[in-house]
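Bear in mind that the values here come from a model prediction, so they are computed numbers and not experimental data. Numbers here are sequence positions counted from 1.
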Amino acid sequence: HGLSSAPEMMIVKRRDTGSSNWWTYHKDNTAAPATDALRLDGDNATTDDNFWNDTVPSSSLINLGTYGDVNASSGTFIAYCFHSVTGYSKFGTYTGDATTNHSNSVTLGFRPAFLMVKKTSGTGNWVIVDNVRNPMSNDVDKYVKADTSDAEATQSGELFKFTSTGFTIGANLGDVNANGATYIYMAFAGGMDSISDYNTTGSIDSRVKANPTYGQSIVSYVGNATAGATVGHGLSSAPEMMIIKNRDQAIDWIAWHEALADDHHLRFHDTHAALNSSTRFNSTDPSSTVFTLGTQDDTNGSSKNMIAYCF
């Protein structure tokens, strides 16, 4: 897998068939995480099957079982692997208590810029929040769900509050804070400050929270449905993976990876194989400063609020 230590979270997708799910390993999924997996494209509770050959990842290898969605004979796959980096990323677990006064807190060791949460003790959506959609505040009330095409939702009050050391939970929403339920999370820090910067590098201005050192940025922009429009991403080199969602419409999540051609993409929330379309990224690879958009609503809807996660 090429990391300096064992992955704590892995997301695997088969690329050459339209009937495979996005399967996810997380070190805190269950007491025996190597025997189980979660579906990123569904709200299902944990599934027990032969995904990882009942063997946790090592410092050099991930282990695969016989389950076809992760290791079918002659299948083509992509795997995204992550481990915690002190002060920048953390993958862990917490227990919900259904309170709304932010008494339930999680320590990360940094102020998060991106947070994804999933209930593991029952069904629940994959909830994604960030500090770019609430650019001038650490109170986080806007969220999208990775497993659905739903438009962005807003929680009355705050869903979370980002602090200098982690986050607190301010809602009794079942997807993030049911009493006694267990949750896993994936958290990344942004830059040094807590406010996202305005970026004018591309033809579309954007608000960006970037950490070029670790190669991750969060980009908020308003689409213009113009082929060839560009958006600054704030990284020091071209993104190798991008995940984009139209916040205003119930429309597909679009995922691109450097292993795909510049006119292909995956849908984050469903089982499709890689799809061919020049209207998502205008058949153009991202550069060291910008990514390029086509005319499709799911990446560049006219006057639509968009969010992009770049790695």
Side-chain angles (χ1 to χ4, degrees), residues 1-4 11 13 15 78-83 85 87-89 110 112-114 116 128 130-133 135 186-247 253-266 268 274-296 298-301 304-311:
H1 52 68
L3 300 179
S4 58
I11 303 169
K13 177 72 171 75
R15 297 161 45 196
I78 192 75
Y80 307 109
C81 303
F82 307 88
H83 68 71
V85 176
Y88 169 68
S89 60
F110 55 84
F114 171 93
M116 180 163 69
I128 296 177
D130 57 69
N131 70 347
V132 174
R133 287 175 285 155
M186 171 188 195
F188 292 97
M192 294 302 293
D193 64 297
S194 60
I195 304 301
S196 52
D197 296 326
Y198 208 67
N199 185 300
T200 58
T201 303
S203 63
I204 296 176
D205 292 345
S206 57
R207 188 172 287 280
V208 177
K209 187 67 173 175
N211 192 318
T213 301
Y214 291 108
Q216 179 257 339
S217 69
I218 305 167
V219 183
S220 176
Y221 63 95
V222 177
N224 64 8
T226 300
T230 57
V231 180
H233 51 66
L235 299 178
S236 57
S237 60
E240 299 168 29
M241 177 182 174
M242 300 186 297
I243 303 166
I244 297 179
K245 180 71 176 76
N246 181 325
R247 298 162 53 189
W253 284 85
I254 301 299
W256 178 86
H257 187 275
E258 65 171 358
L260 302 174
D262 57 22
D263 59 355
H264 281 66
H265 65 277
L266 293 164
F268 206 43
L275 299 167
N276 186 342
S277 171
S278 63
T279 59
R280 267 68 184 193
F281 301 107
N282 207 44
S283 298
T284 306
D285 287 335
S287 74
S288 60
T289 56
V290 299
F291 56 88
T292 302
L293 301 172
T295 58
Q296 199 73 19
D298 45 25
T299 58
N300 194 19
K304 301 301 183 184
N305 291 295
M306 314 294 298
I307 193 76
Y309 303 110
C310 303
F311 303 86

Polar side-chain atom of His264 near backbone of Ala259 as donor-acceptor pair, under 3.5 Å: no
Short side-chain to backbone donor-acceptor contact, Thr292 and Phe281, under 3.5 Å: no
Donor-acceptor under 3.5 Å (Asp263 side chain, Asn276 main chain): no
Sub-4.5 Å side-chain heavy-atom contact between Met306 and Ser206: no
Heavy-atom donor-acceptor pair, Asn211 side chain to Gly190 backbone, under 3.5 Å: yes
Option passing ring pair (Phe, Tyr, Trp, His ring centres under 6.0 Å) with Tyr88 (candidates Phe188, Phe114, Phe82, Phe110): Phe188
Heavy-atom check, side chain of Thr201 versus side chain of Val208, under 4.5 Å: no
Beyond-backbone contact of Arg280 with Asp298, side-chain heavy atoms, under 4.5 angstrom: yes
Val219 to Cys310 - nearest heavy-atom pair and separation: CG2-SG, 4.3 Å
Validation row: Thr299, Phe291 side chains within 4.5 angstrom (heavy atoms): no
Trp256 side chain to Ala261 backbone, donor-acceptor under 3.5 Å: yes
Least distance between heavy atoms, Ser203 atom then Ala229 atom: OG-CA, 3.5 Å
Polar side-chain atom of Thr279 near backbone of Ser277 as donor-acceptor pair, under 3.5 Å: no
Gly294 backbone acceptor or donor facing Asn300 side chain under 3.5 Å: yes
Contact summary for His233 and Ala210, nearest pair of heavy atoms: O-CB, 4.3 Å
Beyond-backbone contact of His257 with Leu266, side-chain heavy atoms, under 4.5 angstrom: no
Close side-chain approach of Thr284 and Asp262, heavy atoms under 4.5 Å: no
Contact check, side chains of Arg15 and Leu260, non-hydrogen atoms, under 4.5 Å: yes
Ser217 side chain to Leu235 backbone, donor-acceptor under 3.5 Å: no
